[in-house]
Amino acid sequence: MMKPDLRVSIGGLKLDNPVMAASGTFGYGREYESYMDLNKLGAIVVKGISIDPSPGNPPPRTVETPAGMLNAIGLENPGLDGFVRDKLPWLRKQRTKIIVNIYGKTIEEYAELAERLDDLDGVDALEVNISCPNVKSGGIAFGSDPVTAARVASAVRSHTQKPVLVKLSPNVTDLVAIASEVAETGVDGLVLINTLRGMAIDPISGRPLLGNLIGGLSGPAIRPIAVRAVFEVSRKVSIPIVGCGGIVEWPDAVEHIRAGAWAVEVGSATFRNPRASLDVLEGLERFLSQMNFASCQELVGLLA
Amino acid sequence: MMKPDLRVSIGGLKLDNPVMAASGTFGYGREYESYMDLNKLGAIVVKGISIDPSPGNPPPRTVETPAGMLNAIGLENPGLDGFVRDKLPWLRKQRTKIIVNIYGKTIEEYAELAERLDDLDGVDALEVNISCPNVKSGGIAFGSDPVTAARVASAVRSHTQKPVLVKLSPNVTDLVAIASEVAETGVDGLVLINTLRGMAIDPISGRPLLGNLIGGLSGPAIRPIAVRAVFEVSRKVSIPIVGCGGIVEWPDAVEHIRAGAWAVEVGSATFRNPRASLDVLEGLERFLSQMNFASCQELVGLLA
Amino acid sequence: MEANRILARVVECKLVADSTLLLRFHTLEHRWTVNPGQFVMVGPVLERFYEPFLNRPFSICRRPDEHTIDLLVGIVGRATGFFLQRGVGWDSWLMGPLGRGFQPGEQAERAVLIAGGLGVAPMFHLAESLIAQGKRVTLLYGAKSSRMLVPVTALTEMGVEVVFATDDGTCGFKGNASELLSEHLDKITLSNAGDVYLAACGPMAMLEEVDRIRRRLGLSLEVSLESRMACGVGACLGCSHVLAGNKLGRVCCDGPVFDAEEVFDR
Amino acid sequence: MEANRILARVVECKLVADSTLLLRFHTLEHRWTVNPGQFVMVGPVLERFYEPFLNRPFSICRRPDEHTIDLLVGIVGRATGFFLQRGVGWDSWLMGPLGRGFQPGEQAERAVLIAGGLGVAPMFHLAESLIAQGKRVTLLYGAKSSRMLVPVTALTEMGVEVVFATDDGTCGFKGNASELLSEHLDKITLSNAGDVYLAACGPMAMLEEVDRIRRRLGLSLEVSLESRMACGVGACLGCSHVLAGNKLGRVCCDGPVFDAEEVFDR
Ligand SMILES: Cc1cc2nc3c(=O)[nH]c(=O)nc-3n(C[C@H](O)[C@H](O)[C@H](O)COP(=O)(O)OP(=O)(O)OC[C@H]3O[C@@H](n4cnc5c(N)ncnc54)[C@H](O)[C@@H]3O)c2cc1C
Ligand SMILES: Cc1cc2nc3c(=O)[nH]c(=O)nc-3n(C[C@H](O)[C@H](O)[C@H](O)COP(=O)(O)OP(=O)(O)OC[C@H]3O[C@@H](n4cnc5c(N)ncnc54)[C@H](O)[C@@H]3O)c2cc1C
Ligand SMILES: Cc1cc2nc3c(=O)[nH]c(=O)nc-3n(C[C@H](O)[C@H](O)[C@H](O)COP(=O)(O)O)c2cc1C
Ligand SMILES: Cc1cc2nc3c(=O)[nH]c(=O)nc-3n(C[C@H](O)[C@H](O)[C@H](O)COP(=O)(O)O)c2cc1C
Ligand code: FES
Ligand code: FES
């Protein structure tokens with residue numbers, strides 16, 4: 001049996017393999033150090049960073065739902081300076097690729113983040129979050145409209161030499177239109193999808209189960225929506241797509257890749273199994289070699 | 001313990017209790033006759049009807065997904081005449097309310113369906129489906145834009161004396177905007193939500209698991225999305241809302257009602273348990289009396 | 001009695017062939033009148049747990065007594081994997097008996113049943129009932145390999161002639177059940193076509209092949225179809241199958257057993 | 001050794017009080033060094049089944065030997081209901097040992113542990129370790145009613161003084177554990193504040209009350225907090241708790257045990 005070639009290039013971002021840890025579900029990497037060899041991952045996407053530190057939303061912030069979960073972290077983060085001071089030095093020492101997820105309250109903030117990250121050693125790419133349902137100003141609003149989405153993407157694109165991925169929201173009427181506009185801005189790839197807006201209430205007490213009332217739905221429950229998003233967008237847009245949403249075990253990654261994803265991100269599955277991303281990678285590699293694929297790239301978009 | 005008052009009026013539609021069977025998941029009622037006393041239900045919403053018979057989509061048409069399912073029936077139905085000839089006579093004899101779910105390929109077709117159903121005895125209300133993800137022409141397109149959605153609603157409203165419910169799609173950027181426009185047309189209520197667009201692929205073979213490739217996601221997996229939709233819309237729109245999406249057991253109905261629903265529809269849960277709707281009703285009634293609610297109406301929108 | 005939903009407990013769970021379980025359900029309900037070829041929808045009792053979410057259809061394999069229902073279950077995915085995991089002692093809802101079963105009629109004295117793989121499940125019940133009616137019954141039973149063959153002593157003991165076919169030749173005829181059928185029909189002499197009743201259950205390719213053979217000989221045939229199901233009772237229109245002349249048939253209630261004439265275009 | 005993820009089997013599952021299970025896990029892994037107050041994330045092994053989806057945090061109650069971990073589990077919802085259903089013989093992943101445990105320090109000779117309801121779980125381990133260090137240990141253990149009290153003979157046998165409080169007076173002091181604490185502290189004479197170590201685990205209202213009492217007396221106190229958790233390791237920021245001075249603390253890794261000074265605003 002052949003060892004399949006797992007390398008993949010998302011535009012300028014060259015990965016040793018196509019399995020990454022999704023933003024917000026893998027902390028700043030170090031939290032999972034004792035559970036796995038981080039360097040085996042294609043990349044780690046760190047928790048979303050804003051210019052200023054942010055305290056996030058009031059608790060409770062997570063709740064389980066059928067085959068999934070809601071979160072309303074509200075992008076708690078130490079701010080760019082805090083990140084650079086406290087997190088980046090350790091991250092820089094890792095051999096895996098580090099992708100920094102960024103979000104701003106204005107287009108200018110996105111541009112500023114891009115510019116300030118551009119110089120930094122140890123940051124391999126940016127993932128632009130225009131799709132977070134948990135912050136009021138900005139976030140999802142930027143991802144809801146093709147023109148605004150493209151404007152954010154352009155702003156980031158023009159302020160950094162590093163590869164740029166744009167992460168889109170599924171909470172929209174016409175994802176393909178947004179994806180198409182964003183793709184035109186010259187970014188390296190699209191990440192599909194962020195969470196879906198949801199809510200849960202304790203039936204007995206009537207207490208909303210999230211402090212923020214509304215949060216983002218993730219996990220296996222949303223996998224069919226994510227796969228559909230990847231499929232539709234990949235048929236219309238020519239830049240690489242990174243699939244994300246409901247990937248828990250390796251067959252889920254294969255499903256995303258067959259739908260059209262060049263690479264995948266494993267999100268909330270990591271909470272269930274800290275090694276989920278590596279297990280996915282190992283399963284994927286096994287599958288490819290058993291099925292005699294010479295490379296993972298051959299599987300992209302391949303339907304029967 | 002008091003017996004709570006379960007009656008509810010969705011505009012002109014007076015129901016003995018707030019639990020209905022959702023369209024497409026309860027056939028034409030008769031299929032479940034041997035499993036339960038149909039007359040105990042608040043209402044039965046029959047499978048979507050179009051003017052002309054429709055063969056629906058190629059099989060396979062359903063597939064299970066984590067805590068849910070995808071369907072791409074494609075609105076197979078015998079057409080209005082077939083329905084009136086073969087299904088209505090039996091339905092008319094039932095004491096429960098019968099709501100006919102309609103969909104058209106043009107606004108004129110919606111109007112025509114409304115007009116022709118207006119005369120018919122045994123039809124207690126119309127549910128206007130502008131939200132089905134499984135038919136190409138029409139369907140979801142009508143539900144994606146506030147102006148078009150309102151136009152369909154107006155057309156139906158002006159062609160029938162019967163109560164009119166409009167069933168909305170969650171696959172939109174701004175559900176509240178659509179709901180607000182539709183509410184202005186004088187319809188009796190809104191039904192939230194129809195299915196979310198999704199897809200599943202067999203990882204091993206690469207075969208898409210639906211003949212139509214894309215289908216609608218339903219079941220517990222989508223409950224958080226449905227509850228959020230009910231919550232958001234009910235805070236902004238004054239006409240009654242019927243909650244639908246992921247209701248399997250009675251606490252789920254309570255969750256929808258607390259979010260703001262006046263009544264609920266039980267959908268795919270019926271496939272799992274043909275008595276699901278009645279079990280939900282009985283549980284709801286027990287809950288209300290144990291918690292000393294005089295009526296179900298008191299629970300609507302009640303959060304702690 | 002009409003179809004209903006009953007609570008049943010798994011009292012036996014035995015591997016009878018590769019990846020194949022015999023599941024025996026015990027239930028207090030005893031009013032079911034089951035026709036061979038009918039099926040049940042199986043849904044584990046899992047309140048507030050929605051995996052698996054939908055019930056799964058399985059042909060009723062045998063009904064040893066009025067409180068007992070045997071199923072033959074191939075382990076192929078989530079629900080069936082779950083059955084294996086749970087072993088015995090768990091409770092399940094059974095909806096049934098569902099669908100249109102086999103309708104062999106009176107006249108044919110001889111029945112030839114063709115089963116491919118797990119398609120053998122309903123043939124147990126059918127053969128039993130045909131034997132009880134005094135018919136001469138042959139079961140042509142094909143599988144990939146001998147390891148996949150479910151024991152059929154219960155049938156041979158009651159006088160059913162069983163002939164095996166395996167793709168790899170590890171048991172009986174080397175080839176599939178439809179090839180075996182050709183051979184078999186060559187051997188028996190029929191005075192008229194009505195003398196023999198054919199029934200088949202298995203993969204679609206096998207059913208098509210069996211249909212071609214029986215057409216050539218002018219015999220009638222019933223086939224049991226499969227389809228992914230959500231409701232099992234005709235409500236969801238999920239199991240629609242494109243029949244002859246582009247007509248749609250719901251496998252769960254118009255079938256699963258259809259006259260081959262209805263199913264295959266000439 | 002650092003926290004890791006190990007496979008464990010449930011070898012005992014016993015109702016020890018109303019809706020309260022003692023779950024005993026056996027594991028081949030034995031390198032865990034557990035500090036009292038640390039916890040594990042429990043996730044049943046369920047491939048391709050995503051209900052429950054997330055792991056659940058439980059304090060390590062006792063560690064009878066290096067291959068054994070005991071948890072006390074209140075049955076309150078989906079996952080804990082599942083544990084009850086499964087009984088013994090199932091496998092689970094355990095992530096641990098997690099979080100910052102109790103840090104009683106050396107100087108205090110006397111420890112008073114205050115437990116409300118299931119908050120008693122980590123107190124078993126803590127009391128045991130304090131006794132091993134030669135301290136004098138009192139456990140004030142409150143519950144709604146005697147039926148909710150978990151047996152504590154293991155503790156009394158090793159010399160822990162246990163005083164009960166029940167809301168309905170069905171066992172011991174009528175009232176809650178914090179009221180009992182007031183009474184108890186009145187009885188003991190302290191030459192200086194450093195002589196006694198206080199640790200509390202239970203509902204937030206109880207912790208607040210305990211904090212008020214110890215502040216009055218100028219005693220130090222550690223409290224173990226609860227929060228809904230997704231990751232359990234500091235990665236999701238889901239368990240953030242608003243601490244004193246509006247600072248945020250992650251219960252899973254900055255806690256679950258905090259110095260009361262950090263937690264409560266004056
Ligand atoms: C009327 C009828 C009678 C049946 N009788 C038997 C029987 O006696 N013994 C038996 O082992 N199986 C029988 N089947 C097939 C059985 O229903 C499926 O094998 C079962 O639903 C698979 O469930 P799963 O969750 O393990 O697989 P899944 O994880 O749902 O799927 C695994 C694979 O099985 C396929 N599959 C899923 N559902 C069906 C289905 N309804 N029909 C065919 N393939 C399916 C999927 O496409 C997939 O490839 C019958 C099906 C029908 C419609
Ligand atoms: C550090 C820590 C240690 C704990 N130790 C123990 C212990 O030793 N014994 C014990 O019985 N319980 C303990 N808990 C609480 C335990 O985690 C919850 O009871 C459990 O997660 C409920 O799971 P469920 O699926 O049964 O309930 P769910 O169905 O998830 O919820 C049922 C109810 O429990 C509440 N709940 C859910 N998760 C938590 C949580 N993490 N903390 C508090 N309430 C929650 C929900 O809000 C809801 O009201 C601990 C919690 C933490 C954070
Ligand atoms: C707790 C939590 C926090 C998250 N934080 C972020 C974030 O900071 N930035 C972002 O772009 N996505 C964030 N996400 C979204 C995930 O990266 C991912 O897109 C989503 O969870 C869907 O994938 P999954 O189904 O595999 O979890 C977060 C998700 C969760 C569950
Ligand atoms: C098999 C199937 C067929 C459906 N057909 C229709 C339909 O004809 N018209 C309609 O408005 N909704 C239809 N729906 C949507 C349901 O009525 C309901 O809105 C949706 O399933 C969400 O509810 P649930 O999660 O309780 O299933 C269908 C759903 C399913 C699963
Ligand atoms: S399975 Fe629902 S109609 Fe046949
Ligand atoms: S539970 Fe994830 S940070 Fe604490």
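Note on naming: letters A, B, ... go to the chains in the order of the sequence lines (proteins, then strands), and numbering restarts at 1 for each one.
- The side chain to side chain contact (heavy atoms under 4.5 Å, CB included) search around A:Ala179 returns A:Leu168, A:Leu190, A:Val233, A:Val237, not counting sequence neighbours.
- For the pair B:Met291 and A:Ile204, the tightest heavy-atom approach, listed with the atom from each and the gap, is CE-O, 3.5 Å.
- Scanning both residues, A:Ala150 and A:Val182, for their nearest heavy atoms gives N-CG2, 4.0 Å.
- Heavy-atom minimum distance, A:Leu175 versus A:Ala229: CD2-CB, 3.5 Å.
- B:Leu278 CG to B:Leu284 CG: the interatomic distance, rounded to the nearest 0.5 Å, is 12.0 Å.
- The two atoms that bring B:Leu288 and B:Pro4 nearest to each other are CB-CG, 3.7 Å, heavy atoms only.
- Counting heavy-atom pairs under 4.5 Å between each of A:Ala226, A:Gly198, A:Pro224 and chain B puts A:Pro224 at the top.
- Between chain B and the options A:Leu299, A:Val254, A:Ile201, the largest number of non-hydrogen pairs under 4.5 Å is found for A:Ile201.
- Contacts between A:Ile257 and chain B at a heavy-atom distance below 4.5 Å are absent for every atom of the residue.
- Only the side chain of A:Leu70 comes within contact range of chain B, with at least one heavy atom under 4.5 Å from a heavy atom of that chain.
- Of the residues considered (B:Ala200, B:Pro203, B:Ala67, B:Ala221), B:Pro203 shows the highest number of contacts with chain A, using heavy-atom pairs under 4.5 Å.
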All inter-chain donor-acceptor pairs under 3.5 Å (chain B, chain A):
| unit_1 | atom_1 | unit_2 | atom_2 | d |
| --- | --- | --- | --- | --- |
| B:Thr173 | N | A:Thr173 | OG1 | 2.9 |
| B:Thr173 | OG1 | A:Thr173 | N | 2.9 |
| B:Thr173 | OG1 | A:Thr173 | OG1 | 3.2 |
| B:Arg197 | O | A:Arg228 | NE | 3.0 |
| B:Arg197 | O | A:Arg228 | NH2 | 3.3 |
| B:Arg197 | NH1 | A:Glu232 | OE1 | 3.2 |
| B:Arg197 | NH1 | A:Glu232 | OE2 | 3.1 |
| B:Arg197 | NH2 | A:Glu232 | OE2 | 2.3 |
| B:Met199 | N | A:Pro224 | O | 2.9 |
| B:Ile201 | N | A:Glu255 | OE2 | 2.9 |
| B:Pro203 | O | A:Arg258 | NE | 2.7 |
| B:Pro203 | O | A:Arg258 | NH2 | 3.3 |
| B:Ile204 | O | A:Arg258 | NH2 | 3.0 |
| B:Gly206 | O | A:Ala304 | N | 2.8 |
| B:Pro224 | O | A:Met199 | N | 2.9 |
| B:Arg228 | NE | A:Arg197 | O | 2.9 |
| B:Arg228 | NH2 | A:Arg197 | O | 3.3 |
| B:Glu232 | OE1 | A:Arg197 | NH1 | 3.2 |
| B:Glu232 | OE2 | A:Arg197 | NH1 | 3.2 |
| B:Glu232 | OE2 | A:Arg197 | NH2 | 2.3 |
| B:Glu255 | OE2 | A:Ile201 | N | 2.9 |
| B:Arg258 | NE | A:Pro203 | O | 2.7 |
| B:Arg258 | NH2 | A:Pro203 | O | 3.2 |
| B:Arg258 | NH2 | A:Ile204 | O | 2.9 |
| B:Ala304 | N | A:Gly206 | O | 2.8 |

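- Annotation: the span from B:Ile222 atom CD1 to A:Ile222 atom CD1 amounts to 13.5 Å, rounded to 0.5 Å.
- When every heavy atom of A:Ala276 is checked against every heavy atom of A:Val266, the shortest pair comes out as CB-CG1, 4.1 Å.
- Looking only at heavy-atom pairs under 4.5 Å with chain A, the residue among B:Val63, B:Leu303, B:Val172 that has the most is B:Val172.
- Smallest separation of non-hydrogen atoms from A:Pro18 and A:Leu281: CD-CD1, 4.4 Å.
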